[in-house]
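Here is the naming used below: chain letters follow the sequence lines, and residue numbers restart at 1 for every chain. Values below: all heavy atoms of this structure, side chains included; hydrogens, waters and symmetry mates excluded.
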Protein chains: 2
Amino acid sequence: MPSEQIENYLKNIYKIQSVEGKVSTSSLSEKLQISPASVSEMVKKLADEGSLTHTPYKGVELTESGKRAALKIVRKHRLWEMFLVEVLHFGWDEIDEEAEKLEHIMSGKMEDKIDEVLGFPSVDPHGDPIPTKSGTVKTIRSFALTDVEEGSTVRVVRVNDANAELLQYASSIGLSLNKKIALKQRMKFDNSLIIKIGSKEMTISATLAENIFVESV
Amino acid sequence: MPSEQIENYLKNIYKIQSVEGKVSTSSLSEKLQISPASVSEMVKKLADEGSLTHTPYKGVELTESGKRAALKIVRKHRLWEMFLVEVLHFGWDEIDEEAEKLEHIMSGKMEDKIDEVLGFPSVDPHGDPIPTKSGTVKTIRSFALTDVEEGSTVRVVRVNDANAELLQYASSIGLSLNKKIALKQRMKFDNSLIIKIGSKEMTISATLAENIFVESV
DNA sequence: CCAAGAATTTCGGTGCGCCTAAAATATAAA
DNA sequence: TTTATATTTTAGGCGCACCGAAATTCTTGG
Ligand SMILES: [Mn+2]
Ligand SMILES: [Mn+2]
Ligand SMILES: [Mn+2]
Ligand SMILES: [Mn+2]
């Protein structure tokens with residue numbers, strides 16, 4: 001059984017790998033808030049244990065077994081997030097820190113029970129896919145709200161969960177998962193967007209829109 | 001914020017104190033499955049930090065602040081146990097290990113949410129009282145099933161949760177919290193009891209009966 | 001009362017994961 | 001191509017909580 005910290009390393013390597021392709025010591029250090037020196041040490045250890053391959057001074061890549069381990073944690077994290085929202089009625093902006101701890105405490109039995117109580121969900125409260133028990137992840141096809149054409153209507157399928165304040169603000173203006181958004185106008189000078197959710201019209205910044213992912217409808 | 005291990009020490013000191021009065025290094029060592037040498041070290045540290053008083057070679061006693069900290073963990077443990085049974089449908093014999101981990105991961109907000117979802121329970125699945133947030137514990141008046149008089153009927157209010165196999169067996173014979181038990185006969189030669197639960201009559205050993213606590217009805 | 005024997009504490013040492021400072025390597029500007 | 005700067009690794013060390021072995025202190029039967 002990997003230690004809590006090793007699980008955090010693997011999960012975050014996986015996440016960086018997914019979005020940036022290459023995983024450097026500094027990017028991991030940044031994400032984990034741990035000094036580059038310590039990360040470098042841990043990376044060597046994980047390479048010895050066979051969870052990843054490390055090309056010194058170059059970067060890191062998960063092995064199959066490392067990836068499996070990472071996906072287990074991602075699954076647990078997202079199941080817990082779902083649980084916190086659905087069963088304990090937390091807001092989607094309040095759950096990350098709690099799930100960050102809980103993900104390391106989940107026996108197989110617990111995982112199954114929670115999965116069942118939730119009705120075997122396929123995405124977490126932010127729209128991120130929950131890997132299956134066997135370790136497959138559905139990729140959700142979507143594009144950023146910034147790329148939507150004027151006049152079209154879309155549905156929110158995912159919101160970047162990296163920033164709690166953003167999430168909090170988004171829900172405060174009625175912007176949540178599965179909501180329909182009509183794009184009225186894009187302002188040329190700052191790329192802000194005038195949108196309509198339900199009957200309410202509002203303006204949102206380009207930065208916010210970059211973090212909202214939608215599908216056509 | 002005390003470390004996970006410190007929380008375990010404080011909780012177990014509290015529990016030993018409750019049942020045996022005096023808390024020795026060896027009793028703690030036994031309960032925590034940690035060598036006497038290590039326990040002795042930790043005890044010194046806890047004394048320095050003001051959570052307990054330590055008379056070397058004699059024993060240990062929680063200070064007010066230590067007791068408060070201990071009760072917080074007891075509360076969390078029992079709330080989690082309740083939660084595992086009521087919401088996730090675990091059996092009362094499967095929850096201790098999970099709760100042992102979860103008790104250390106519970107923000108104030110989480111504690112409140114769970115308490116609320118459960119309807120502010122006053123006892124855990126084994127009938128042990130859940131300390132209030134302010135740190136008071138209701139003592140439940142009860143006596144062991146071994147002390148019941150022949151012919152009388154009693155209600156189960158608590159079962160010793162120290163042994164999972166006992167709990168598993170108890171529920172397998174229909175013996176659970178709040179069940180009514182009629183004591184038919186006590187066998188002189190081994191103190192075993194012939195009891196009736198609902199319409200089913202059965203014999204239980206004195207050892208089992210010692211772990212079942214009841215009130216008159 | 002005293003000497004085993006039992007319980008407890010002290011001592012020296014370990015593994016884990018962290019850190020800062022220094023050394024090594026890579027990269028990019030001149 | 002060189003050299004300066006940025007990135008990464010190595011070296012040396014720390015705190016926490018653990019251990020076994022040795023030393024200390026308590027207890028108790030003779
Ligand atoms: Mn985590
Ligand atoms: Mn999420
Ligand atoms: Mn615990
Ligand atoms: Mn219990």
Using the closest heavy atom to pick a nucleotide of DNA chain C for each, name whichever of A:Ser3 or B:Thr55 lands nearer the 5' end.
-> B:Thr55

Expressed in angstrom and rounded to an integer, what is the separation of [X] atom [atom1] from [N] atom [atom2]?
X: A:Lys22; N: D:dT7; atom1: NZ; atom2: P; answer: 10 Å
X: A:Leu32; N: C:dC19; atom1: CG; atom2: C1'; answer: 15 Å
X: B:Lys58; N: C:dT9; atom1: NZ; atom2: P; answer: 11 Å
X: A:Met42; N: D:dT10; atom1: CE; atom2: P; answer: 16 Å
X: A:Ile6; N: C:dC16; atom1: CD1; atom2: P; answer: 9 Å
X: B:His54; N: C:dT10; atom1: NE2; atom2: C1'; answer: 12 Å
X: B:Leu28; N: D:dC18; atom1: CG; atom2: C1'; answer: 15 Å
X: B:Glu41; N: C:dG12; atom1: CD; atom2: C1'; answer: 11 Å

A:Glu100 with A:Lys11: basic N within carboxylate O range, under 4.0 Å =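 Salt bridge flag = yes for A:Lys11 with A:Glu100.
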
Hey, does B:Thr25 reach any base, or is it just sugar-phosphate, or nothing, if we go heavy atoms under 4.0 Å?
->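 B:Thr25: backbone/sugar contact only, no base atoms under 4.0 Å.
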
A:Pro36 near the nucleic acid: base, sugar-phosphate alone, or nothing, with a heavy-atom cut-off under 4.0 Å?
-> base

Side-chain contact check for A:Ser40: nearest option of D:dT10, C:dC18, C:dT20 is D:dT10

Output the single nucleotide from C:dT10, C:dA26, C:dA7 whose closest atom is nearest the side chain of B:Ser26.
->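 Within the option list, the nearest is C:dA7.
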
Given A:Tyr14, which of A:Leu52, A:Val23, A:Ile73, A:Val137 fulfils the side-chain contact (heavy atoms from CB on, under 4.5 Å) condition?
-> A:Val137

Donor-acceptor pair present, A:Tyr57 side chain and D:dT9 base, under 3.5 Å =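 Donor-acceptor pair under 3.5 Å: no.
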
Test for a donor-acceptor pair under 3.5 Å between the base of D:dC18 and the side chain of B:Gln33, counting only N and O atoms.
->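 No, the side chain and the base share no sub-3.5 Å donor-acceptor pair.
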
Under 6.0 Å from the six-membered ring centre of B:Phe90 and within 45° of its axis: does the NZ or CZ of A:Lys109 meet both?
-> no

N or O in side chain of [X] less than 4.0 angstrom from [N] OP1/OP2:
X: A:Ser35; N: C:dC18; answer: no
X: A:Tyr9; N: C:dC18; answer: yes
X: A:Gln5; N: C:dC16; answer: no
X: A:Lys44; N: D:dT8; answer: no

With under 30° as parallel and over 60° as perpendicular, where do the rings of B:His126 and B:Trp92 fit, or are they tilted in between?
-> parallel

Hey, could you give me the CD/CD1 distance between A:Gln168 and A:Ile173, rounded to the nearest 0.5 Å?
->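 The CD atom of A:Gln168 sits 11.0 Å away from the CD1 atom of A:Ile173.
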
